[in-house]
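Right, one structure below, let's go through it.
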Amino acid sequence: MIDPAYKQIHNKALQLQYTFQDLMDEKNPTASMLHREAKQLVDEVEMQKNPRDLESRIKMIQNQIKMSEHQGTHLMSLDHAQSIHENYEHLRQDIRGLSNYS
């Protein structure tokens with residue numbers, strides 16, 4: 001059974017994963033990698049992995065989104081990219097609030 005604190009984070013991570021699926025074409029290698037990372041984050045939350053590991057995965061996803069925009073690889077609109085980045089930042093803050101975050 002998943003801890004209620006992790007359940008809330010899981011639901012948010014799952015929603016972001018679905019958002020990725022809706023906004024990006026998996027034929028693009030960077031988009032495909034981001035899909036895998038978003039799925040991996042959901043899986044790791046389900047396993048209730050160490051919050052620092054979850055935070056690291058989120059940072060990697062955020063960095064990849066920013067890098068793709070700076071390189072001109074437009075995986076989605078700039079507004080969508082900023083929104084997803086912000087949503088991952090909120091998720092990261094939620095993870096930092098977990099009682100076992102140290």
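This is a predicted model, so every value here is computed, not measured.
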So which heavy atom on [X] is nearest to which on [Y], and how close?
| X | Y | answer |
| --- | --- | --- |
| Tyr101 | Arg52 | OH-NH1, 3.0 Å |
| Gln48 | Met1 | NE2-O, 3.4 Å |
| Leu54 | Lys49 | CD1-O, 3.8 Å |
| Pro51 | Leu98 | CG-CD1, 3.8 Å |

Do the side chains of [X] and [Y] join up, straight or via other hydrophobic residues, at under 4.5 Å, putting them in one cluster?
| X | Y | answer |
| --- | --- | --- |
| Met47 | Ile9 | no |
| Leu41 | Met33 | yes |
| Ile58 | Met60 | yes |
| Tyr6 | Leu91 | yes |
| Leu23 | Ile65 | yes |

If I take atom [atom1] from residue [X] and atom [atom2] from residue [Y], how far apart are they, to the nearest 0.5 angstrom?
| X | Y | atom1 | atom2 | answer |
| --- | --- | --- | --- | --- |
| Gln8 | Asp3 | CD | CG | 11.0 Å |
| Leu16 | Leu34 | CG | CG | 12.0 Å |
| Ser56 | Ile95 | OG | CD1 | 10.0 Å |

### Query
Between Lys66 and His85, is a side-chain contact (heavy atoms from CB on, under 4.5 Å) present by the stated rule, with each step listed?
CA-CA 8 Å; Lys66 290 284 188 193; His85 189 279; 3.6 Å; yes
Say whether, by atom type as modelled, one donor and one acceptor occur between the side chain of [X] and the main chain of [Y] under 3.5 angstrom.
| X | Y | answer |
| --- | --- | --- |
| Arg92 | Lys59 | no |
| Ser83 | Asp79 | no |
| Thr19 | Gln15 | yes |

Practice problem: For a side-chain hydrogen bond (donor to acceptor under 3.5 Å, both in side chains) with Gln62, tell me which candidate from Glu89, Arg57, Glu86 qualifies. | Solution: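 The passing option is Glu89.
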Taking the side chain as C-beta and beyond, is there a heavy-atom pair between His35 and Gln21 under 4.5 Å?
->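 Yes, close enough: below the 4.5 Å cut-off.
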Query raised in the report: Is the shortest heavy-atom distance from the side chain of Ile84 to the side chain of Met76 under 4.5 Å?
Result: yes
Have His10 and Glu46 got a donor and an acceptor in their side chains that come within less than 3.5 Å?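 Checked: His10/Glu46 side chains pair up, N/O donor to acceptor below 3.5 Å.
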Go through the side-chain N and O atoms of Arg36 and Ser32 and say whether any donor and acceptor fall under 3.5 Å apart. yes
task = Run the salt-bridge test on Lys39 and Asp43 with the 4.0 Å N-O cut-off and return the result as yes or no.
result =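 Yes, this pair counts.
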